[in-house]
Number of protein chains: 2
Amino acid sequence: MRTPHATIEAAPTSRATGTSAPSTAGPSTGKGAPGVASEPASTGVRTRSQHQRRKRIVQAAAALASRGGVEAMQMRTVAERAGVALGTLYRYFPSKMDLVVAVVGEEIDLLENSIERRPPSAVTPSGRAVDVLMRATRGLMREPELADALIRSLIMAEVETPFGDRMAGLLLRVAGDGLTAETATEEQFALTGSLSSVWVHELLEMLRGRRTHEQVQRRVEIAAARLLADFTATPSA
Amino acid sequence: MRTPHATIEAAPTSRATGTSAPSTAGPSTGKGAPGVASEPASTGVRTRSQHQRRKRIVQAAAALASRGGVEAMQMRTVAERAGVALGTLYRYFPSKMDLVVAVVGEEIDLLENSIERRPPSAVTPSGRAVDVLMRATRGLMREPELADALIRSLIMAEVETPFGDRMAGLLLRVAGDGLTAETATEEQFALTGSLSSVWVHELLEMLRGRRTHEQVQRRVEIAAARLLADFTATPSA
DNA sequence: ACAATTAATAGAATCTGTTCTACTTTTCGA
DNA sequence: TCGAAAAGTAGAACAGATTCTATTAATTGT
């Protein structure tokens, strides 16, 4: 029943109610319904104007969310601000969540760049991890409304969300000296993943006004100290 | 503005559109939460019929959610099933989330009872904690739709949600021998809290179909082993 | 018992995410 | 260059949560 139009995005969220069709979902019967057009890879690229449109949309969305939060980020408003039709917005982002995920993506990019520019300097793995996490915290808390909206939505996302995994991967890199998703043991992966989820939880509590910045730091430190103790030393197994 | 009717519940959720009202949500101390310094203090107690109405509502909600998930748990339907008017439902539960929170409360009660009846027998704190968490996992996964709906909504909740805290308290009790929120150190509290958030995250991943029961168990064990090592001040555990 | 206050009810109305329709403009291959 | 398919557009339509209105029971103080 769910007929997600013909998506432009590669990995739409689309609530998995029923059939979570792989990417290019079956188009509706009403319209042209061209055989799913194999892969948009034909032209492979988005037109420049499409890139721009997309950018404008994400920008508008972020702008709106950075004030009023998700509530202020209404699809109609976003479309209007971005200068596209509601239908177009939905073609680019099949659901509000997809839009949120896109906005989050930008934020994480920012963090990764920051880390690349100025890598954490602490000597212990947990020290470096805490450094990165608190840096991310500060970055996100600069726009609390946005952060709130983003984190929440991400946790809610039904499908593959780049957030947790990207964060865990990031921690893996900074904590384990040069570790990557490939060279890490399952346990190491689990550990950074756990730390990541602790951090997300603390962030949420902070956004709820139930934690101060200091408390978050303390708790993250406590968890990191234990989770990442002898991180690069004992492959255990 | 925002005239939340005259709520019957003590801690309504009410999205904080604009200026988050003082949100007298601060009870948390167990159920009952008398007074709260509000107007409902007049009669103090709810009539029997009100208890019943409330019960019917929560029941209907749980029943609906245990099938179709939150989606099937529509306010109109709940009201109808419970035999109350939509307005009445909203008087008892100012938002859908409040209703969800109530349903969750019942689930946690169940778990607590289960633990009381059959306390975890493992010898290490982390062993006992894992026991409890996996028991909770099995309980929740018995009704995946419900679990999904509940967990998600709780994480989304804007305000004070009994979930994380209650879970952390529970872990505190089973891990630290007879510890309570009062006798525990801040660090111990932080640690059980962290373990709780790791568990919630794994549960979510499981609901998303990205983890098997075994994987969850393994990851929870890994995290618990580190977080709760020497939990009761006994190095080398 | 009786007026005033509070709780409930039915149902309309509002708000916002999402879908649908009918049409116009772009893009692009032949 | 021509024309079909894709992409865009405007705006109506639909759905479900939440709010509002008018009216009818209950409850309670005196």
Side-chain angles (χ1 to χ4, degrees), chain A residues 1-8 12-15 17 24-25 27-38 40 42-54 56-57 61 64 68 70-80 82-100 153, chain B residues 1-8 12-15 17 39-40 42-43 45-54 56-57 61 64 68 70-80 82-100 153:
Chain A
M1 49 198 295
R2 274 292 181 285
T3 311
H5 277 286
T7 300
I8 281 187
T13 295
S14 73
R15 76 280 308 281
T17 308
T24 41
S28 78
T29 40
K31 203 40 178 311
V36 183
S38 311
S42 60
T43 53
V45 228
R46 241 56 114 265
T47 319
R48 225 152 277 39
S49 66
Q50 284 181 312
H51 265 302
Q52 310 228 317
R53 225 185 296 265
R54 203 197 116 99
R56 260 186 301 142
I57 291 175
L64 284 168
V70 254
E71 322 222 327
M73 181 179 140
Q74 301 184 3
M75 296 304 262
R76 284 178 175 79
T77 317
V78 171
E80 191 180 315
V84 301
L86 189 55
T88 304
L89 171 51
Y90 270 92
R91 179 194 291 277
Y92 280 76
F93 302 96
S95 82
K96 188 170 179 173
M97 184 96 75
D98 291 274
L99 187 46
V100 170
S153 307
Chain B
M1 54 175 69
R2 272 299 174 283
T3 309
H5 281 284
T7 301
I8 283 188
T13 296
S14 73
R15 75 279 306 279
T17 308
E39 43 277 13
S42 60
T43 50
V45 210
R46 307 278 101 65
T47 317
R48 245 140 260 57
S49 64
Q50 284 180 312
H51 265 301
Q52 310 229 318
R53 224 184 298 264
R54 202 197 116 98
R56 259 185 301 142
I57 291 174
L64 285 168
V70 255
E71 321 223 328
M73 180 178 142
Q74 302 182 3
M75 295 304 261
R76 277 181 230 278
T77 318
V78 171
E80 190 180 315
V84 300
L86 189 56
T88 304
L89 171 52
Y90 270 94
R91 180 195 290 277
Y92 280 76
F93 302 96
S95 82
K96 188 170 180 173
M97 185 93 72
D98 290 275
L99 185 48
V100 170
S153 306

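Here is how names work: the chains are called A, B, and so on, in the same order as the sequence lines, proteins then strands, and each is numbered from 1. Quick caveat: nothing in here was measured; it's all calculated off a predicted structure.
Between the CZ atom of A:Arg91 and the C1' atom of C:dT19 there is a distance of 13 Å, rounded to whole Å. Distance, B:Leu99 CG to D:dT18 C1': 14 Å, rounded to whole Å. Between the CD atom of A:Gln74 and the P atom of D:dA17 there is a distance of 17 Å, given to the nearest Å. Rounded to whole Å, the distance from CZ on B:Arg53 to C1' on C:dT6 is 12 Å. Separating the CD atom of A:Glu80 from the P atom of D:dT9 is a distance of 13 Å, rounded to the nearest angstrom. At whole-Å resolution of the value, CE in A:Met97 and C1' in C:dT18 are 14 Å apart. Straight-line distance from the CZ atom of A:Arg56 to the P atom of D:dA7: 16 Å, rounded to whole Å. If you measure from atom CE of B:Met75 to atom P of C:dA10, you get 16 Å, rounded to the nearest angstrom.
Phosphate proximity of D:dT27 to B:Gln50: absent, as no side-chain N or O sits under 4.0 Å from OP1 or OP2. Between A:Tyr90 and C:dC20, a side-chain N or O to OP1/OP2 separation shorter than 4.0 Å is absent. Put simply, B:Thr88 has a side-chain N or O that comes within less than 4.0 Å of OP1 or OP2 on C:dT9. Contact annotation: A:Tyr92 side-chain N/O to D:dA7 OP1/OP2 distance is not under 4.0 Å.
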Steps toward side chain to side chain contact (heavy atoms under 4.5 Å, CB included) verdict (B:Met73, B:Val100) | CA-CA 9 Å; B:Met73 180 178 142; B:Val100 170; 3.6 Å; yes
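For the helix from C:dA1-D:dT30 to C:dA30-D:dT1, the end axes, each set by the C1' atoms of five terminal pairs, are bent relative to each other by 20° (nearest 10°).
Atom-to-atom distance recorded for A:Glu80:CD and A:Gln74:CD is 10.5 Å, nearest 0.5 angstrom. Rounding to the nearest 0.5 Å places OG of A:Ser49 at 14.0 Å from CZ of A:Arg54. With rounding to the nearest 0.5 Å, the separation of CZ in A:Arg53 from CD in A:Gln50 is 7.0 Å. Expressed to the nearest 0.5 Å, how far CG of A:Leu89 lies from CE of A:Met75 amounts to 4.0 Å.
Looking at heavy atoms from C-beta onward, A:Val70 lies in side-chain contact with A:Lys96 at the 4.5 angstrom threshold.
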Show me the protein contacts with nucleotides 10-13 of chain D, counting only N or O atoms at under 3.5 Å.
unit_1 : atom_1 : unit_2  : atom_2 : d
D:dA13 : N6     : A:Arg76 : NH2    : 3.2

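The nearest pair of heavy atoms linking B:Ile57 to B:Phe93 is CG2-CE1, 3.6 Å. Pairing each heavy atom of A:Ala61 with each of A:Val78, the nearest pair is CA-CG2, 4.1 Å.
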